[in-house]
Amino acid sequence: MELTEKQKETLKRNNEESNFVTREAAQEALFLLMKEQDYEEIRITDIIRRSGISRSAFYRNYKTKDDVLRDAVGDMASLVIRAFTTDVEENWRRYIRCIRQNRSKLELLVQAHREWFLLDEYNKLADYSSGTDFVTVLPHGYIYNMTIYWVKCGLPGDDEEVVKRMIDACQKNAVVMLSGVIPEENLEKTLSHFKK
């Protein structure tokens, strides 16, 4: 007996929902374990036990605990990106709120010496279509370094103050870093990405 298209679609949707629940449970279990013990001591078996998922469900979605952590960081990054608008200041506000909402997870990421997973996610967003315009990745490094340092400092300042400081820092650093690297005729166009 062959499945109908509707049955295939239902099966596919059920599998996707099951994988989503599995990934969410594994991520949450890993973060709970990271609060209790050193990241290096956590085993996949610990994640499976804490999450209540089966071993086969875990391995259908992940190979390592780093994969679980990378997936969680990717989920955080995609939440921010999906919320972005054309308003630079509003994007920073949304970004700052997301960082604050995920503070404990980011602190655990730093504690586990895996903060660079965040930079990897930012770099996935880079537009490599130009081929040789390597400066398109500069903002990712700025944002990553400012974010990690801000998390390590305990997220001081109110949202509006932080937004203003981050925009100012990006603009000032962009001018310094790009002057002499980018031909003068292209500098203003490149810097316009850092402005409203």
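What you are looking at is a predicted structure, and each value in this text was computed from that prediction instead of being measured.
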**Q** Between Asp46 and Arg43, is there a salt bridge with N-O shorter than 4.0 Å?
**A** yes

**Q** What is the minimum heavy-atom distance between Ser51 and Ala25, and which atoms define it?
**A** CB-O, 3.5 Å

**Q** Testing Arg94, Arg93, Arg100 for salt bridge (charged side-chain N to carboxylate O under 4.0 Å, His left out) with Asp159, which one passes?
**A** Arg100

**Q** Under a 4.0 Å threshold between the charged nitrogen and the carboxylate oxygen, would Lys124 count as salt-bridged to Glu121?
**A** yes

**Q** When rounded to the nearest 0.5 angstrom, what is the spacing between CD1 in Ile42 and CG in Leu32?
**A** 10.0 Å

**Q** When rounded to the nearest 0.5 angstrom, what is the spacing between CZ in Arg70 and CZ in Arg114?
**A** 9.0 Å

**Q** To check you understand the geometry: which heavy-atom pair defines the closest contact between Cys153 and Pro156, and what is its length?
**A** O-CD, 3.8 Å

**Q** List the steps and the verdict of side chain to side chain contact (heavy atoms under 4.5 Å, CB included) for Thr45 and Arg55.
**A** CA-CA 8 Å; Thr45 299; Arg55 186 169 292 280; 2.9 Å; yes

**Q** With no hydrogens and no angle check, do the side chains of Asp66 and Tyr39 hold a donor and an acceptor under 3.5 Å apart?
**A** yes

**Q** Before giving the answer on side chain to side chain contact (heavy atoms under 4.5 Å, CB included), spell out for Glu115 and Tyr144 the whole-Å C-alpha distance, their side-chain angles and the decisive distance to 0.1 Å.
**A** CA-CA 9 Å; Glu115 60 268 28; Tyr144 164 77; 3.3 Å; yes

**Q** Closer than 3.5 angstrom, by distance alone: can the side chain of Asn123 be matched with the main-chain N or O of Asp120 as a donor-acceptor pair?
**A** no

**Q** Tyr62 versus Ile44: any side-chain heavy-atom pair under 4.5 Å?
**A** no

**Q** Should Asp38 and Gln111 count as side-chain neighbours, where that means a heavy-atom distance under 4.5 Å?
**A** no

**Q** Where do Ile53 and Ile48 come nearest, in terms of heavy atoms and distance?
**A** O-CG2, 3.1 Å

**Q** At their closest point, which heavy atom of Leu118 faces which heavy atom of Val73, and how far apart are they?
**A** CA-CG1, 3.7 Å

**Q** How long is the straight-line distance from CG of Asp87 back to CH2 of Trp92, given to the nearest 0.5 Å?
**A** 13.0 Å

**Q** With rounding to the nearest 0.5 angstrom, report the OG1 to OH distance, Thr64 to Tyr59.
**A** 9.0 Å

**Q** Considering all heavy atoms of both residues, which atom of Gly154 and which atom of Arg103 are nearest to each other, and what is their separation?
**A** O-NH2, 3.1 Å

**Q** Rounded to the nearest 0.5 Å, what's the gap from CG on Leu155 to OG1 on Thr147? Could you check?
**A** 9.5 Å

**Q** Which atoms form the tightest heavy-atom contact between Leu109 and Met34, and what is the distance?
**A** N-CE, 4.2 Å

**Q** Got Val68 and Phe31 here, is their nearest side-chain heavy-atom distance under 4.5 Å?
**A** no

**Q** Is it true that Glu41 and Lys65 make a salt bridge, defined as a side-chain N closer than 4.0 Å to a carboxylate O?
**A** no

**Q** Roughly how far apart are Thr22 OG1 and Gln27 CD, rounded to 0.5 Å?
**A** 11.0 Å

**Q** Are Asp75 and Lys105 packed together at the side-chain level, in the sense that at least one heavy-atom pair is separated by less than 4.5 angstrom?
**A** no

**Q** Could you check whether the rings of Tyr95 and Tyr122 sit parallel, tilted or perpendicular, using 30° and 60° as the cut-offs?
**A** tilted

